[in-house]
There are 2 protein chains.
Amino acid sequence: MSELESVIRRLEELDHRITPSRVAVIAAVLSHSGHFSVEDIIRQARAVGRATVFRTMRLLTDADVVCRVLLEDGSLHYRVSRRGHHHHLVCVSCGNVQDLDECVVGDLVRELAAATEYEIEGHWLEFYGRCSTCRSPVAVAARP
Amino acid sequence: MSELESVIRRLEELDHRITPSRVAVIAAVLSHSGHFSVEDIIRQARAVGRATVFRTMRLLTDADVVCRVLLEDGSLHYRVSRRGHHHHLVCVSCGNVQDLDECVVGDLVRELAAATEYEIEGHWLEFYGRCSTCRSPVAVAARP
DNA sequence: AGTATCAGTGAGACCTAGTATCATAACAAG
DNA sequence: CTTGTTATGATACTAGGTCTCACTGATACT
């Protein structure tokens, strides 16, 4: 079963109709191996209305087909998600994204909940850096 | 020395001029005990131009007078900062912000750097939940 | 089949948050 | 006093996203 079909299955299970517009958006989304902006998808699926692209992106986010990637400058990108709740390490130089295997703050959340009496419902966590390819050996050696 | 004066000192040390517009923005900023948006400041300091408010907010961020608070919906707010690098626990119900004493992911950053060969330069981390006041005893008891 | 209903749609107006431009003003230094 | 620098406000603009609304096309009921 292709990835497209499996996403369609997922939406059907959640009682969403499969329309040509949605299929076009999903196909555009799946064509990316890295992260992308909604504007990228709007450009790719030119026949689909702007509002519909945004609506479909929300659908896909809720269905865990994509996850949101917060870039360092605050802009929001998306990325096809192939695992559950996780976080990202984004290379600020080449834009490459490394998925962290699992949520690394689960323990922290429990500790904080105990210490603060908050009931913690969610969190944002993104790391930024330079991947091994982008940092030159010289730059590494020069670091204190 | 008032808080206003101490912020003014800080900017002077960084070679920024102290102008009436900047003082108005700083006073508006200091009038908030919680977090606030730039639009709040623009509303409060109506005599100051929109661009100048944004410019001054950047100045204050760079001078560590305020820190940025990322809300769950992705919107950016500010908060007077009284310590160095730290993170926030935001109540999604009343908006109250709890500062976490120090950065809780320092160790994590070092581990990740070793595991991924990334040189990690920065991160975003915000927690969301409901403070003890906002969660009713009933709701707490009902949680699994 | 007929019709009522409802999810989904695109066009476009609108909104929010922020940046760019630019002429002008205030100030500092020589 | 002149010259260069920093800061300013008005305004236009942009990016990213939401709202409205008339319309379409499936679905469900009779």
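Note on naming: letters A, B, ... go to the chains in the order of the sequence lines (proteins, then strands), and numbering restarts at 1 for each one. Keep in mind that what you see is a predicted model, and the values were worked out from it rather than measured.
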Spacing between B:R46 atom CZ and D:dT8 atom P, to the nearest angstrom | 19 Å
Check whether any side-chain nitrogen or oxygen of B:R17 sits under 4.0 Å from OP1 or OP2 of C:dA28, and answer yes or no.
-> no
Let me know the distance between CZ of A:R68 and C1' of D:dG17, rounded to the nearest Å.
-> 13 Å
Stepwise side chain to side chain contact (heavy atoms under 4.5 Å, CB included) check, A:E117 with B:Q98 | CA-CA 11 Å; A:E117 300 203 331; B:Q98 178 104 28; over 6 Å; no
What class does the angle between the rings of B:H123 and B:H85 fall in, given that below 30° is parallel, 30 to 60° is tilted and above 60° is perpendicular?
-> perpendicular
Return no unless some side-chain N or O of A:T19 is found under 4.0 Å from OP1 or OP2 of C:dA7.
-> no
For atom NE2 of B:H16 and atom C1' of D:dT6, their distance in whole Å | 11 Å
Rounded distance [0.5 Å steps], CG in A:L71 versus CH2 in B:W124 | 12.5 Å
Hey, what are the protein-to-nucleotides 11-21 of chain C N/O distances that come in under 3.5 Å?
unit_1: C:dA17; atom_1: N7; unit_2: B:R50; atom_2: NH2; d: 3.3
unit_1: C:dG18; atom_1: N7; unit_2: B:R50; atom_2: NE; d: 3.3
unit_1: C:dG18; atom_1: N7; unit_2: B:R50; atom_2: NH2; d: 2.5
unit_1: C:dT19; atom_1: OP1; unit_2: B:R58; atom_2: NH2; d: 3.1

D:dG16 C1' sits how many Å from A:D73 CG, rounded?
-> 12 Å
Give the rounded distance in Å between these two atoms: CG of B:L14 and P of D:dT6.
-> 15 Å
Can A:H77 and A:V97 be said to form a side chain to side chain contact (heavy atoms under 4.5 Å, CB included), step by step?
-> CA-CA 11 Å; A:H77 277 219; A:V97 175; over 6 Å; no
Tell me: CG of A:L11 to C1' of C:dA7, nearest whole Å?
-> 14 Å
Out of curiosity, does A:L59 fall in the hydrophobic cluster containing A:V38 (side-chain heavy atoms, cut-off under 4.5 Å, transitive links)?
-> yes
In whole angstroms, how far is the P atom of D:dA15 from the CE atom of A:M57?
-> 19 Å
Applying a 3.5 Å limit to both distances, which nucleotide forms a Watson-Crick or G-U wobble pair with D:dT30?
-> C:dA1
How many Å lie between CG on A:L59 and C1' on C:dA7, as a whole number?
-> 11 Å
Only one of B:H86, B:R83, B:H87 forms a side-chain contact (heavy atoms from CB on, under 4.5 Å) with B:D101, so which one is it?
-> B:R83
Partner residues of A:D62 under the side chain to side chain contact (heavy atoms under 4.5 Å, CB included) criterion, sequence neighbours left out | A:R58
